[in-house]
Every structure is written in C-alpha cells, then in structure tokens.
There are 2 protein chains.
Amino acid sequence: MNTKEAILKATLRLVNEYGFYHLNMKQLAAEAGISVGTIYLYFNSKEKLINELYKNIIRDFNAIVLKGYEEGRAFKQNFFEMMRNAIDHYIQNPDRFSFIEQYTYSPFLFKETKEENLAILEPIEKIIKEAKKENQVKDLPETLLIALSYGPIVGMMKLFIVGKTDLKKKMQKELLLEACWQSVSIQ
Amino acid sequence: MNTKEAILKATLRLVNEYGFYHLNMKQLAAEAGISVGTIYLYFNSKEKLINELYKNIIRDFNAIVLKGYEEGRAFKQNFFEMMRNAIDHYIQNPDRFSFIEQYTYSPFLFKETKEENLAILEPIEKIIKEAKKENQVKDLPETLLIALSYGPIVGMMKLFIVGKTDLKKKMQKELLLEACWQSVSIQ
DNA sequence: AAAAAATGAATGAACGTTCATTCATTTTTT
DNA sequence: AAAAAATGAATGAACGTTCATTCATTTTTT
C-alpha cells in the first residue's frame with residue numbers, strides 16, 4: 001500500500017470513530033504510520049483531505065454499482081445486479097457507508113466535491129430513466145422511484161450498523177432486494 | 001423567546017450552515033443576540049449543547065408523529081396519519097431533518113443521547129409491531145418493514161433539500177405516502 | 001413611600017491550550 | 001553525489017472556557 005492510500009485509509013477509520021472535529025493530524029499520522037509533515041506532501045489541508053476521500057469513495061462505489069449494468073439486458077436483471085452490488089459493497093465496507101451518509105449533506109464538502117456528490121445516485125437514476133421511457137416501471141415521478149429503490153437500502157444499512165439486523169444473511173438481503181423491486185416494478 | 005431557546009435556535013441554524021467544526025462560540029453568541037459567557041450559563045460545553053439540541057429535536061419529532069396515533073383505530077389510518085405528520089414536520093423544518101440525518105449516527109452524541117437516538121424510529125416501530133401481530137402487514141422481518149416505511153421518506157426529503165423534487169405539492173406527498181403504504185401492506 | 005441592600009443574569013476581556021501548518025534537517029532513493 | 005522523500009520540532013492563530021465585574025430588578029429596611 002502506498003503512502004497516499006495509507007493516509008486515506010487512516011482518515012476513514014478515524015473520522016468514523018471520532019468525527020472530523022476530533023480528528024487531529026498528529027493522531028492521523030500515527031494511525032497511518034507516517035509523520036505529520038508527510039500528510040502535507042499529499043494533501044494541501046485537512047479539509048482537502050476529507051474532500052479527496054469523499055471523491056474516492058463515491059467513485060469506487062459508482063464503479064462497482066455500474067458493473068451490474070449491461071447494455072441491452074432486461075431492466076429487471078440490471079436492477080437486481082446493480083442493487084446487489086451496492087448492498088454487498090456497503091456490507092463489506094460499513095465504514096464507507098457511514099462516511100457517505102455523514103458527509104454527503106454536510107457543509108464540509110466543497111462545491112466542486114458536491115457536484116460529484118449527487119453522483120451517488122447517478123447509476124440508479126440512469127436505469128430508472130431508461131426503464132421509465134419504456135414503461136417498465138410504475139408511473140410515478142422519477143424522484144419517487146429513486147427514493148423507493150434506494151431509500152430502504154439505506155434504511156436497512158443503518159439498522160445493520162447499529163446491530164439491529166443481520167444483512168449478511170443471504171435471506172435478509174434477498175428479501176430487501178425483492179421488496180425494493182416490488183415497489184418500483186409494475187405488478 | 002427565552003435565552004435558552006434563542007441559543008438552541010441559533011445553534012441549529014449555524015451548525016447546518018457551517019458544521020460543528022466551523023461553529024464557534026463567539027459567532028453563535030452573536031447569532032443568538034447574547035454574549036459568549038451567557039451560553040455557559042445554560043450549557044456546560046459546546047458538545048453538551050449539541051446533545052441537548054439533538055434531544056429536543058427528537059423529542060418534538062416523536063411527539064408530533066405520535067399525535068397521528070389513536071388507540072384502537074385501524075392500522076392503515078394510523079399509518080397514514082403518523083407518516084403524514086412526519087413528512088409535514090420535516091417539510092416545514094428542513095433544518096431539523098438535516099440535523100437529525102447528520103448527527104444521529106455521528107460520534108458527537110454521548111451514549112446517554114444515543115439511547116434517545118434510536119427513539120427516532122420508535123413510533124414507527126410501535127405500529128409496525130402491532131400490525132404484524134395482527135397480520136395486517138406483509139410477512140417480512142420487522143426491520144425490513146421499518147426500512148420500507150421510513151426509508152423512502154428520508155430519500156425523498158434528501159432530494160427535496162437539494163431542490164430535486166417539490167414535496168410541498170400535495171400530489172407528491174400523497175404519492176409518497178401511498179407508495180410507502182403499498183410496500184408494507186398486504187395487497 | 002423612599003432608601004438601602006441583595007440578587008443573579010449577562011457581559012466580554014483574558015487565558016490556557018489545542019492543533020493545523022511550516023520548514024530546516026535528515027534519510028532514502030536514484 | 002545529487003535529487004527526492006520523509007521527518008518532527010517549532011510556530012502562532014484560533015478558540016473554548018473562565019470569571020471578575022456590571023447593572024437592572026427585586027427584596028428588605030427605615
């Protein structure tokens with residue numbers, strides 16, 4: 001692992017544990033196994049660092065979700081694959097999920113980063129739009145269809161993180177996916 | 001408005017605009033129209049202040065949602081009333097919604113406050129449990145039913161806040177409510 | 001009824017401490 | 001030997017918190 005990655009990884013861990021307010025550079029350097037000065041060779045400031053981390057996490061997430069998409073394949077299959085990828089990625093990286101939830105709507109993100117922000121719903125928006133054009137989905141406003149597909153997943157992840165549900169069980173995950181599908185698809 | 005309320009109100013506004021990190025006591029005092037020292041007559045510390053604000057907001061929210069509940073009334077009617085109250089309250093106080101979303105899972109909250117925390121889903125949990133006992137709701141895990149009821153509302157609120165949808169329109173709101181109902185009720 | 005005394009909420013300057021950032025020096029790589 | 005990368009002590013601005021002091025209001029005394 002190179003130094004830059006080590007810094008980002010340490011930031012993710014500490015910021016989730018203590019919050020941006022209590023995260024200090026000395027502690028961060030220790031966690032990453034480098035010295036304070038080194039951080040500044042890679043990132044201009046503490047805030048820039050958070051923004052870079054955010055962008056990386058969103059980029060990775062979108063790339064992984066998009067792997068579930070295949071041009072020309074049935075909407076249903078694309079929907080399931082993409083959503084499954086999203087859930088799996090979150091389950092394996094709950095810290096990334098928490099981080100996204102915490103910072104997507106926070107005032108820390110620069111405008112420049114915020115543009116990348118809405119992009120967290122971009123892959124979902126994409127297939128919903130396509131499906132709507134072809135009437136493969138309920139006749140509801142696009143935004144509502146997005147909220148119905150993604151909202152319950154976020155909700156379950158939050159319950160998962162506080163230990164109220166075990167999304168790692170195959171059954172739970174499949175029930176969730178099926179339920180999301182039911183609420184957008186034509187019966 | 002008494003001094004304590006003025007401080008809480010100013011905190012909500014500034015913390016949403018700048019975040020806890022950039023919120024400083026001098027600025028806060030100015031916003032509340034008092035002087036720094038006065039804040040400490042009402043709250044022991046900056047963190048205590050945030051925790052008090054959080055508790056107040058959750059308490060108000062739950063009380064308002066619970067106003068939609070009537071002992072002995074049909075589940076469907078309770079569900080609609082409670083959810084409508086939640087949505088209305090959020091629409092009228094988007095800053096409260098943002099604050100809850102931002103801090104519910106943040107490391108700033110004291111353990112003591114976190115206990116009040118899960119309480120944000122308490123009223124919903126309550127009616128879902130009741131309905132499940134009487135088979136008035138789909139045969140799915142309780143947590144999933146909660147995520148299906150509340151998740152899309154959170155999702156829509158987020159889109160509302162960034163201006164992607166107009167939840168103030170009666171139609172939008174009713175479609176959202178109906179969709180949430182569809183995903184938990186027996187067809 | 002007037003004067004004196006007591007109260008305590010509010011003030012804001014002062015203070016200690018934290019902590020992001022810098023940069024001269026050292027270590028490592030080429 | 002030169003260049004590049006890393007170190008970490010030093011800096012100083014920022015800021016949360018304290019606390020002596022003020023003063024409008026209330027209570028007690030005359």
Side-chain angles (χ1 to χ4, degrees), chain A residues 1-57 95 99 102-103 106-114, chain B residues 1-57 95 99 102-103 106-114:
Chain A
M1 186 162 56
N2 66 32
T3 308
K4 194 167 181 175
E5 277 166 15
I7 297 171
L8 288 170
K9 196 180 161 190
T11 306
L12 178 60
R13 209 187 80 62
L14 293 181
V15 101
N16 268 322
E17 186 167 351
Y18 303 114
F20 188 70
Y21 187 79
H22 286 121
L23 169 75
N24 68 287
M25 303 310 261
K26 206 177 159 188
Q27 179 192 30
L28 177 60
E31 173 83 14
I34 55 170
S35 72
V36 235
T38 309
I39 297 172
Y40 289 86
L41 298 178
Y42 295 91
F43 303 95
N44 294 324
S45 70
K46 192 178 164 185
E47 315 225 10
K48 197 80 204 293
L49 170 56
I50 280 284
N51 278 266
E52 286 304 313
L53 176 58
Y54 185 81
K55 286 202 246 176
N56 275 4
I57 286 179
D95 47 355
F99 184 80
Q102 194 88 182
Y103 288 91
S106 92
F108 291 106
L109 297 189
F110 303 147
K111 243 174 270 152
E112 158 220 351
T113 313
K114 288 235 162 156
Chain B
M1 187 162 58
N2 66 33
T3 309
K4 193 166 183 177
E5 276 168 16
I7 298 171
L8 288 170
K9 197 180 160 189
T11 306
L12 177 60
R13 209 187 80 60
L14 293 182
V15 101
N16 268 322
E17 186 167 350
Y18 302 114
F20 188 71
Y21 187 79
H22 286 120
L23 168 73
N24 69 288
M25 302 310 262
K26 208 176 156 188
Q27 179 193 31
L28 177 60
E31 174 82 15
I34 54 167
S35 70
V36 234
T38 309
I39 298 171
Y40 289 86
L41 297 178
Y42 296 90
F43 303 96
N44 294 324
S45 70
K46 192 178 166 186
E47 315 225 10
K48 197 79 203 294
L49 171 55
I50 280 285
N51 278 266
E52 286 304 314
L53 177 58
Y54 185 81
K55 286 202 245 176
N56 275 4
I57 287 179
D95 47 355
F99 184 80
Q102 194 88 181
Y103 287 91
S106 92
F108 290 107
L109 296 189
F110 303 148
K111 240 173 271 149
E112 158 219 352
T113 313
K114 288 236 164 154

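Both backbone and side-chain heavy atoms feed into the values below; hydrogens, waters and symmetry mates do not. Reminder, nothing fancy here: chain letters follow the sequence lines and each chain counts from 1.
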**Student:** Need the pair for D:dT26. Rule: Watson-Crick or G-U wobble, both distances under 3.5 Å, any strand; none if unpaired.
**Tutor:** C:dA5
**Student:** Are side-chain heavy atoms of A:Ile50 and A:Phe43 found at a separation under 4.5 Å?
**Tutor:** no
**Student:** C:dT18 pairs with which nucleotide, Watson-Crick or G-U wobble, both distances below 3.5 Å?
**Tutor:** D:dA13
**Student:** Taking all atoms of both residues into account, what is the closest heavy-atom pair of B:Ala32 and B:Ala6, and its distance?
**Tutor:** CB-O, 3.8 Å
**Student:** Would you say that B:Tyr42 contacts B:Glu52 through its side chain, given a criterion of any heavy-atom pair below 4.5 Å between the two side chains?
**Tutor:** no
**Student:** Please report the distance, rounded to the nearest Å, between NZ in B:Lys46 and P in D:dG16.
**Tutor:** 4 Å
**Student:** Which letters describe nucleotides 7-14 of chain C, given B = protein heavy atom under 4.0 Å from base, S = only from sugar-phosphate, - = neither?
**Tutor:** --SBBB--
**Student:** What is the distance, to the nearest angstrom, from the CG atom on B:Asn44 to the C1' atom on D:dC19?
**Tutor:** 16 Å
**Student:** Which residues within residues 19-30 of chain A lie with some heavy atom under 4.0 Å of an atom in DNA chain D?
**Tutor:** A:Tyr21
**Student:** Rounded at 0.5 Å granularity, tell me how far CD1 in A:Ile7 sits from CE in A:Met25.
**Tutor:** 8.5 Å
**Student:** Centroid separation under 6.0 Å, is that true for the rings of B:Phe20 and A:Tyr21?
**Tutor:** yes
**Student:** Do A:Ile57 and A:Leu12 touch side chain to side chain, with heavy atoms closer than 4.5 Å?
**Tutor:** yes
**Student:** Which whole-number value in Å describes the distance from A:Ile50 CD1 to C:dA20 P?
**Tutor:** 11 Å
**Student:** Give every residue pair that meets the salt bridge (Lys or Arg N to Asp or Glu O under 4.0 Å) criterion with at least one member in residues 11-37 of chain A, sequence neighbours excluded.
**Tutor:** A:Arg13-A:Glu17, A:Arg13-A:Glu31
**Student:** Look only at the side chain of A:Asn51 and the backbone of A:Thr113, and say whether a donor-acceptor pair between them is shorter than 3.5 Å.
**Tutor:** no
